[in-house]
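Note that these values count all heavy atoms, side chains included, but never hydrogens, waters or copies made by symmetry. Atoms within a ligand are numbered from 1 in the order they appear, just like the ligands themselves.
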Amino acid sequence: MTFSDLGLSPKVLSAVTDAGYTEPTPIQAGAIPHALAGKDVLGIAQTGTGKTASFVLPMLTRLERGRARARMPRTLILEPTRELAAQVEENFVKYGKNHRLNIALLIGGVSFDEQEKKLERGADVLIATPGRMLDHFERGKLLLTGVEILVIDEADRMLDMGFIPDIERICKLIPFTRQTLFFSATMPPEITKLTQQFLQAPVRVEVSRPATTATNITQRFVKVGSKPWAKRDKLRKLIDDEGETLKNAIIFCNRKTEVATLFRSLVRHEYDAGALHGDMDQRARMAMLENFRKGNLKLLVASDVAARGLDIPDVSHIFNFDVPIHADDYVHRIGRTGRAGRSGKAFTLVSRADQKYVDTIGKLIGLDTEWLDGDLSTLSAEDDADERPRGRNARRGGHKDDTAPQEKADDARKPRREAIKSDNAERRTRKDADEAPAHPRQPAKDPQRSRAPERAARPERSDRHEQREDAPLGFGDDMPAFMKVSVKS
Ligand code: AMP
């Protein structure tokens, strides 16, 4: 099958050809003809399957008729994260190069004013995160009665992030006569209920998961002891041991506070590292991603939410600093490497407390878990000793930053680290220092999070216990200058 068999317009076909695509992916072949026919579509597919084009291409074809009116967008695409929303916008720009469409991106972390101006001018396509979209609606800047096509993307991730009530509300604000294109990687009961409520006789298009255990990804589990610094020690050793074969890596943590702590630790040890988590302002997140995509940054420490669905084509290594609690997240994480047939490596650090999660992952991927250097039963008594001071003054006492004594003194590995440090890092730091925004460390003003200001502004109780008492939130004084580079968003 070719793209021209699908019923797309000549303008769209020409842009697809220019993008270099010759054959539609299964989700595209399955969804596009129905979407063009105006039917509701339930697409069960995850990122990496070409699902973005499966809704962008028919939307572009259908938008060729009619034009935008002020404050009344014709189509609405809801995305769970700002990065995914920005990625969909890029797709509209790429495939819509032969169209003159007005696109408005409504995401948190950036000013309302510019977004309002775009809405005033009339948007054909509105790409939004649910919280920011509702904020505009509540300010009276947006009318949803003109929406002809609604796309709900990554619905299961919306569920994880607590957006389902917002989605239900938005669905009720849009005319019943609309067309709905709904995408989710999995179908938990809450999502099934949502589709029953808001889709009309949908055509179901399901594509199989990309192989979870692609043979081109080497997966290894790595035992770690229970000392507070054991994981950071082990991670550095793994990175050093990979040497030149490590082109770049994403290091996943389960919580955003852990992202910040690990990032600070890596920078302190002179690794070329950056971080991506939900509490960073949008400008910093975009700059960080851009640097990583361009190869200016070797190690990206990230949370699942921030990294989910991102299309970063060439990642050589994945490190799971924390074992993911949901086995599905393991598949998503390691799927960041080994893309397009390249080979990749994934290492997962495992302590005794993680055993049950590893077992679930093993069942999901249907493979025996392979250990790098012996499984947990081979941990020595010394590895197992938890040296955290106990008692009333423990947290104020000598163990303030969980830093291993040897970590502080250890300079022996420095020469090897130099190989990991990008030559560009220093040059970049000097160049970018001049371009730093005025208040790079201001907390993001994201209405999505302003709904839970306490949570957004401060780490949760248990998180705070893990941090130094004097530790600044965010990245403190360790924020590298390249994070402050200004980007167009
Ligand atoms: P997505 O699942 O939408 O995130 O797309 C994953 C990647 O596949 C993106 O880099 C797209 O540019 C690429 N892609 C989408 N459709 C095709 C196609 N028909 N042939 C080759 N690559 C594609």
Side-chain angles (χ1 to χ4, degrees), residues 1-9 12-33 35-36 41-61 75 77-97 103 105 125 127 151-158 181-186 205-212 214 216-217 248 250 289-290 292-295 302 304-315 328 331-342 344:
M1 183 181 278
T2 65
F3 276 100
S4 47
D5 300 326
L6 301 178
L8 294 163
S9 75
V12 173
L13 286 175
S14 147
V16 168
T17 308
D18 291 349
Y21 305 151
T22 47
E23 215 185 303
T25 64
I27 185 76
Q28 291 164 0
I32 289 174
L36 284 171
V41 173
L42 168 58
I44 303 172
Q46 59 186 54
T47 37
T49 55
K51 82 172 153 61
T52 316
S54 79
F55 58 82
V56 172
L57 302 181
M59 284 173 85
L60 282 167
T61 300
T75 58
I77 300 162
L78 294 172
E79 293 289 335
T81 67
R82 306 166 193 179
E83 282 77 14
L84 282 172
Q87 211 164 277
V88 171
E89 186 194 28
E90 282 168 24
N91 272 257
F92 265 100
V93 171
K94 178 162 82 176
Y95 304 127
K97 60 187 240 185
I103 303 168
L105 184 64
V125 182
I127 306 165
V151 178
I152 299 170
D153 194 19
E154 299 268 333
D156 51 354
R157 185 47 47 159
M158 301 265 199
L181 310 176
F182 189 102
F183 294 87
S184 190
T186 55
V205 184
E206 186 162 359
V207 300
S208 55
R209 272 170 187 286
T212 50
N216 51 333
I217 304 176
N248 59 358
I250 305 180
L289 260 181
E290 198 55 20
F292 190 67
R293 276 207 184 102
K294 283 188 181 152
D304 288 292
V305 164
R308 170 90 175 215
L310 296 178
D311 186 22
I312 302 170
D314 192 9
V315 179
D328 260 355
V331 176
H332 283 290
R333 289 179 182 186
I334 69 163
R336 307 286 100 210
T337 186
R339 284 164 95 85
R342 294 186 185 91

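Considering CZ of F3 and CG of L13, their distance stands at 8.5 Å, rounded to 0.5 Å. To the nearest 0.5 angstrom, I152 atom CD1 is 11.0 Å from F183 atom CZ. Between the OG1 atom of T61 and the OH atom of Y95 there is a distance of 13.0 Å, given to the nearest 0.5 Å.
Side-chain atoms of Q87 and R82, non-hydrogen and from C-beta on, never get closer than 4.5 Å to each other.
When each atom of ligand 1 is checked for a heavy atom of E23 under 4.0 Å away, the hits are 18 (C), 19 (N), 20 (N). For ligand 1 and K94, the ligand atoms under 4.0 Å from any heavy atom of the residue are 12 (O). Near T52, meaning under 4.0 Å from any of its heavy atoms, are these atoms of ligand 1: 1 (P), 3 (O), 4 (O).
The part of Q28 lying near ligand 1 is the side chain, judged by heavy-atom distances below 4.0 Å. Counting heavy atoms closer than 4.0 Å to ligand 1, residue F3 contributes side-chain atoms (C-beta onward) but none from N, CA, C or O.
Polar contact check, T49 against ligand 1: a nitrogen or oxygen pair lies under 3.5 Å apart.
Put simply, the side chain of Q28 gets close to the backbone of G50: a donor and an acceptor are under 3.5 Å apart.
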